[in-house]
Amino acid sequence: ACSAFSQKSCEECLKNVSCLWCYTNNTCIDYPVRSILPPSSLCSLSNARWGVCWINFEALIIAMAVVAGLILVSLTVCCCYCCYCRRRSRSRLEEEEEQLARKREERRLQSLQRKHERKLKHDEIRKKYGLLQDSDNPYSRFENE
């Protein structure tokens, strides 16, 4: 029982996790499990110690609340930032894909244009030397002159 550690020391009392040390009257009492915070009729929060002797219960509650709040705020900020970055990166990727598709189409059109120009030049050379076949009779025999 926790009352056996009364009038001894805080460290001995708090070795048992279910005990609460009160500095006003140096008593070790059972932690009131039914209520989250010990009532002020047992011991004031500024004089109550639980878990460790060097920090009072009031400061422990405030510190835990601040830490929990910081964790929640940082998680919220991280989630919002990640969602914003994903949306931004998706739009950037879509823009890059569209730009690449446009460039690819331009290169294809330039290639077709160069191919057509080469064909015209080759046809002119064939015509000059009499190698151009008639479109009416593509299977005509080649005759030397």
Side-chain angles (χ1 to χ4, degrees), residues 1-129 131-140 142:
C2 292
S3 58
F5 296 106
S6 291
Q7 303 300 330
K8 290 190 177 180
S9 70
C10 177
E11 288 81 16
E12 288 181 33
C13 174
L14 295 183
K15 284 180 184 176
N16 188 353
V17 182
S18 63
C19 295
L20 176 75
W21 180 261
C22 187
Y23 266 113
T24 52
N25 50 10
N26 289 336
T27 56
C28 187
I29 51 178
D30 288 323
Y31 189 87
V33 181
R34 295 200 194 291
S35 62
I36 296 173
L37 299 175
S40 59
S41 60
L42 272 172
C43 188
S44 66
L45 289 178
S46 60
N47 290 321
R49 305 291 192 266
W50 179 73
V52 289
C53 293
W54 52 270
I55 188 167
N56 65 31
F57 206 84
E58 193 174 33
L60 183 67
I61 291 170
I62 292 170
M64 287 173 35
V66 167
V67 168
L70 287 174
I71 289 172
L72 286 174
V73 167
S74 63
L75 284 175
T76 305
V77 167
C78 286
C79 289
C80 291
Y81 181 74
C82 288
C83 291
Y84 174 73
C85 285
R86 284 185 188 163
R87 193 176 326 124
R88 193 170 147 209
S89 67
R90 283 182 189 156
S91 64
R92 194 179 299 159
L93 286 174
E94 289 172 358
E95 289 174 8
E96 287 178 8
E97 286 180 13
E98 289 176 10
Q99 190 176 21
L100 288 174
R102 272 188 263 118
K103 285 183 179 180
R104 193 179 308 124
E105 184 64 23
E106 288 174 8
R107 280 189 238 121
R108 189 182 69 79
L109 291 174
Q110 288 173 353
S111 171
L112 287 174
Q113 185 179 5
R114 286 192 305 265
K115 186 176 181 181
H116 181 69
E117 289 172 1
R118 278 193 312 269
K119 186 179 182 309
L120 289 176
K121 281 184 181 180
H122 291 154
D123 285 348
E124 285 178 18
I125 293 171
R126 286 186 185 111
K127 187 176 181 181
K128 179 179 177 182
Y129 292 104
L131 300 173
L132 188 64
Q133 296 178 348
D134 291 333
S135 58
D136 298 337
N137 190 5
Y139 296 106
S140 65
F142 181 72

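- Shortest non-hydrogen contact noted between L20 and P32 is CD2-CD, 4.5 Å.
- Disulfide criterion (SG-SG under 2.5 Å) for C28 and C13: met.
- Of the inter-residue distances, the one linking L45 atom CG with L37 atom CG reads 6.0 Å to the nearest 0.5 angstrom.
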- Check against salt bridge (Lys or Arg N to Asp or Glu O under 4.0 Å), D123 and K127: CA-CA 6 Å; D123 285 348; K127 187 176 181 181; over 6 Å; no

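- The NZ atom of K103 sits 12.0 Å away from atom CD of Q110, with the distance rounded to the nearest 0.5 Å.
- R118 has its side chain within reach of K115: a pair of non-hydrogen atoms, C-beta onward, lies under 4.5 Å apart.
- Separation of atoms OG (S3) and CG (D30) is listed at 7.0 Å; rounding is to 0.5 Å.
- Here the side chain of S44 pairs no donor or acceptor atom with the backbone of S40 at under 3.5 angstrom.
- For E12 and K15, the salt-bridge test fails: no basic side-chain N is under 4.0 Å from an acidic carboxylate O.
- A distance below 2.5 Å between sulfur gamma atoms is met by C19 and C2.
- Here the CD atom belonging to E105 is positioned 13.5 Å from the CG atom belonging to L100, to the nearest 0.5 angstrom.
- Here the CH2-CG distance, from W21 to N56, works out to 15.5 Å after rounding to the nearest 0.5 Å.
- Taking 4.5 Å as the limit, every side-chain heavy atom of C22 sits out of range of all side-chain heavy atoms of L42.
- Taking OH of Y23 as the start and SG of C43 as the end, the distance is 11.0 Å to the nearest 0.5 Å.
- Judged purely by atom type and a 3.5 angstrom limit, W50 uses its side chain to pair as donor or acceptor with the backbone of V17.
- I71 approaches S74 most closely through the heavy-atom pair O-OG, 2.9 Å.
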